[in-house]
J.: 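Have a look at this one.
Because only heavy atoms are used, hydrogens play no part in the values below, and waters and symmetry mates are left out as well, while side chains stay in. Residue indices begin at 1 and follow the sequence shown.
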Amino acid sequence: MVMMMIKSFLSKTVPNARCYSATAANLLKTGDILRQNRVFSNEDVIEYSKVSHDLNPLHFDSEFARSAGFDDRIVHGMLVAALFPRIIASHFPGAVYASQSLHFKGPVYIGDEVTGEVEAINIRENKQRYIAKFSTKCFKNGGVLVLNGEATAILPTLAVETSD
């Protein structure tokens, strides 16, 4: 019941885009790309700061952020990076996120449209589970790279769940 409620919520609030290989459309293959879009709001920044206790004034004070060389207040980098496990878990319920490297390339401002993308770059079977390595990227406003890295996740299956 809880999973149905979560899937229902996500399907209404999180647009998905998928690019699968030509073979076996519902099984993850090397080269497949999964994407989700998100616009971060002021409320998202406030809620994240409550949980993380990250009260850096770059996230709350426009004047401070401008004096530090930004156009305005910035979204927490780790909040933006949270798109990666969200994408993986929404397509592979029960996945275990094992590692993530991150390289922050540019700021994300409140109201920017961000596209999170994970591309399968290596998949291997291990004890009836799958260890998948993903290239991870976030782009803002239609194509500006703001974050990249690599993630490893343990997947219970290669079957890609969709909310269609």
Side-chain angles (χ1 to χ4, degrees), residues 6 9-21 28-123 130-155 160-163:
I6 292 170
F9 172 75
L10 288 176
S11 69
K12 293 175 186 161
T13 61
V14 181
N16 292 311
R18 293 166 213 81
C19 300
Y20 298 115
S21 61
L28 183 70
K29 301 278 187 231
T30 300
D32 287 348
I33 299 171
L34 304 168
R35 293 183 182 96
Q36 287 185 358
N37 296 325
R38 174 89 191 263
V39 176
F40 293 96
S41 68
N42 183 57
E43 186 173 318
D44 293 328
V45 170
I46 291 169
E47 292 302 313
Y48 182 81
S49 71
K50 288 178 184 176
V51 173
S52 67
H53 300 276
D54 181 347
L55 301 175
N56 188 326
L58 291 172
H59 308 299
F60 301 101
D61 184 333
S62 293
E63 188 175 312
F64 187 89
R66 282 192 283 275
S67 72
F70 297 101
D71 293 342
D72 206 340
R73 301 178 317 143
I74 59 174
V75 176
H76 298 79
M78 295 304 289
L79 177 56
V80 176
L83 279 170
F84 304 136
R86 179 180 182 170
I87 294 167
I88 292 168
S90 70
H91 289 87
F92 304 97
V96 176
Y97 214 70
S99 69
Q100 174 75 61
S101 67
L102 298 170
H103 306 280
F104 297 95
K105 303 292 188 179
V108 171
Y109 299 104
I110 294 169
D112 282 342
E113 182 175 11
V114 177
T115 300
E117 175 181 292
V118 298
E119 178 180 358
I121 56 175
N122 187 307
I123 304 167
Y130 300 89
I131 299 173
K133 188 173 188 179
F134 296 94
S135 168
T136 56
K137 296 178 183 173
C138 281
F139 302 92
K140 74 175 184 180
N141 302 331
V144 177
L145 180 68
V146 293
L147 176 59
N148 68 3
E150 288 187 348
T152 301
I154 302 167
L155 309 178
V160 179
E161 286 203 12
T162 60
S163 58

J.: Quick one: closest heavy-atom pair of Leu55 and Phe60, and the distance?
T.: CA-CE1, 3.8 Å
J.: Are any side-chain N or O atoms of Glu119 and backbone N or O atoms of Leu34, one a donor and one an acceptor, separated by less than 3.5 Å?
T.: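 No, because the side chain of Glu119 does not come within donor-acceptor range (under 3.5 Å) of the backbone of Leu34.
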J.: Between Pro107 and Asp112, what is the shortest heavy-atom contact and its length?
T.: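 Taking every non-hydrogen atom into account, O-OD2, 4.4 Å.
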J.: Taking Gly149's backbone N and O only, do any of them form a donor-acceptor pair with Thr136's side chain (distance below 3.5 Å, no angle check)?
T.: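 It does hold such a pair.
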J.: Tell me the closest heavy-atom pair linking Arg73 and Tyr109, and the distance in Å.
T.: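 In this case the closest contact between Arg73 and Tyr109 is O-CD2, 3.2 Å.
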J.: Verify the neighbour count for atom NZ of Lys137: are there more than 12 heavy atoms of other residues, nucleotides or ligands below 6.0 Å?
T.: no
J.: With a 4.5 Å heavy-atom cut-off, do Ser52 and Met78 have their side chains touching?
T.: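 Side-chain contact under 4.5 Å: no.
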J.: Could you tell me whether the side chain of Asp44 reaches within less than 4.5 Å of the side chain of Arg38, counting heavy atoms only?
T.: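 With C-beta onward as the side chain, the pair touches.
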J.: If the plane angle is over 60° it's perpendicular, under 30° parallel, otherwise tilted; pick one for His59 and His76.
T.: parallel
J.: Quickly, which of Val144, Leu147, Leu145 forms a side-chain contact (heavy atoms from CB on, under 4.5 Å) with Lys105? Name it, please.
T.: Leu145
J.: Do the side chains of Arg66 and Glu63 get close enough for a salt bridge, i.e. N-O under 4.0 angstrom?
T.: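 Glu63 and Arg66: not salt-bridged.
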J.: Closest approach of Ile110 and Asn42, non-hydrogen atoms and distance?
T.: CG2-N, 3.5 Å
J.: Please identify which of these residues, Leu28, Ile154, Ile87, meets the side-chain contact (heavy atoms from CB on, under 4.5 Å) condition with Phe92.
T.: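 Among Leu28, Ile154, Ile87, the one meeting side-chain contact (heavy atoms from CB on, under 4.5 Å) with Phe92 is Leu28.
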